[in-house]
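Here's the structure we're looking at; comments come further down.
Quick caveat, the model's predicted, so the values are computed rather than measured.
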Amino acid sequence: AALASVATASGAQQTTTTTVVKNVTTTVVESVSVEQEKPAPKKIAVFVQNRTRLAGMDDEVDGVRDRLSAALAEIDGLSVMDSAQVADTFRRYKVTVGEERSGSVSGIFSGGSVSAISKMLGCDYIAAATIVNASVANRNIGGRLASVYTVRMTLKIMDYTGASVE
């Protein structure tokens with residue numbers, strides 16, 4: 001009996017056994033699928049900045065970040081970093097909004113190094129959204145008064161080098 005083993009282009013292992021008995025040849029081909037390792041999902045950190053002067057809009061930024069994160073999480077192969085993990089990392093590096101506004105540090109919104117922030121967070125991409133305009137309307141929804149916000153924002157997604165991603 002002759003035995004041959006070959007790896008196919010798809011990564012499957014194929015074994016061929018040929019047996020010759022009294023001038024009759026029998027060939028049996030067995031394929032064993034070898035599971036390919038899936039690449040680790042790419043990580044993205046989401047930042048949202050409020051540039052409006054609308055009272056109460058600062059309280060809504062987390063909701064905007066959550067909606068944006070949920071939309072990004074639907075992209076196959078992309079993992080959205082938890083906002084608490086991002087905040088904790090910045091606390092460890094003592095980067096605060098006050099320091100950024102005072103100019104003592106450069107941050108994501110003031111033209112800081114995207115590559116440095118990506119490295120610090122361990123992410124592949126950064127999504128920077130800026131709310132540029134917002135309005136609020138009080139509406140009666142199901143017998144309850146609710147505030148409904150309409151926002152206009154810009155969104156820039158950059159890779160770890162700072163290059164824009166489309």
Taking a hydrophobic cluster as the set of Ile, Leu, Val, Met, Phe, Trp and Tyr residues connected by side-chain heavy atoms closer than 4.5 Å, whether directly or through intermediates, do [X] and [Y] fall within one such cluster?
| X | Y | answer |
| --- | --- | --- |
| Y160 | I75 | no |
| L68 | V132 | no |
| V86 | M158 | yes |

Legend entry - Stepwise side-chain contact (heavy atoms from CB on, under 4.5 Å) check, I126 with F47: CA-CA 8 Å; I126 290 183; F47 295 88; 3.7 Å; yes
Mind checking what makes side-chain contact (heavy atoms from CB on, under 4.5 Å) contact with [X], not counting sequence neighbours?
| X | answer |
| --- | --- |
| K42 | L78, D124, Y125 |
| S79 | P41 |
| T161 | D159, A163 |
| M57 | N50, T52, L54, E60, V64, I131, A134, Y149, V151 |

Please set out all donor-acceptor pairs under 3.5 angstrom arising from side-chain atoms of residues 137-148, sequence neighbours excluded.
| from | atom 1 | to | atom 2 | distance (Å) |
| --- | --- | --- | --- | --- |
| N138 | OD1 | S147 | OG | 3.0 |
| N140 | OD1 | G143 | N | 3.1 |
| N140 | OD1 | R144 | N | 3.3 |

Legend entry - Gap between atom CG of L72 and atom CD1 of I157 - 0.5 Å precision: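 Taking CD1 in I157 and CG in L72, the distance rounds to 5.5 Å.
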Inset, instruction - State the OG-NZ distance between S118 and K43, to the nearest 0.5 angstrom. - result: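 That separation rounds to 11.5 Å.
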Inset, instruction - Dump the intermediate steps for side-chain contact (heavy atoms from CB on, under 4.5 Å) on M81 and V46, then the final yes or no. - result: CA-CA 7 Å; M81 293 186 69; V46 179; over 6 Å; no
Inset, instruction - Taking salt bridge (charged side-chain N to carboxylate O under 4.0 Å, His left out) as the test, write out the residues that go with D62, two or more places apart. - result: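 Partners of D62 by the salt bridge (charged side-chain N to carboxylate O under 4.0 Å, His left out) criterion, ordered by chain and then number, come out as R65.
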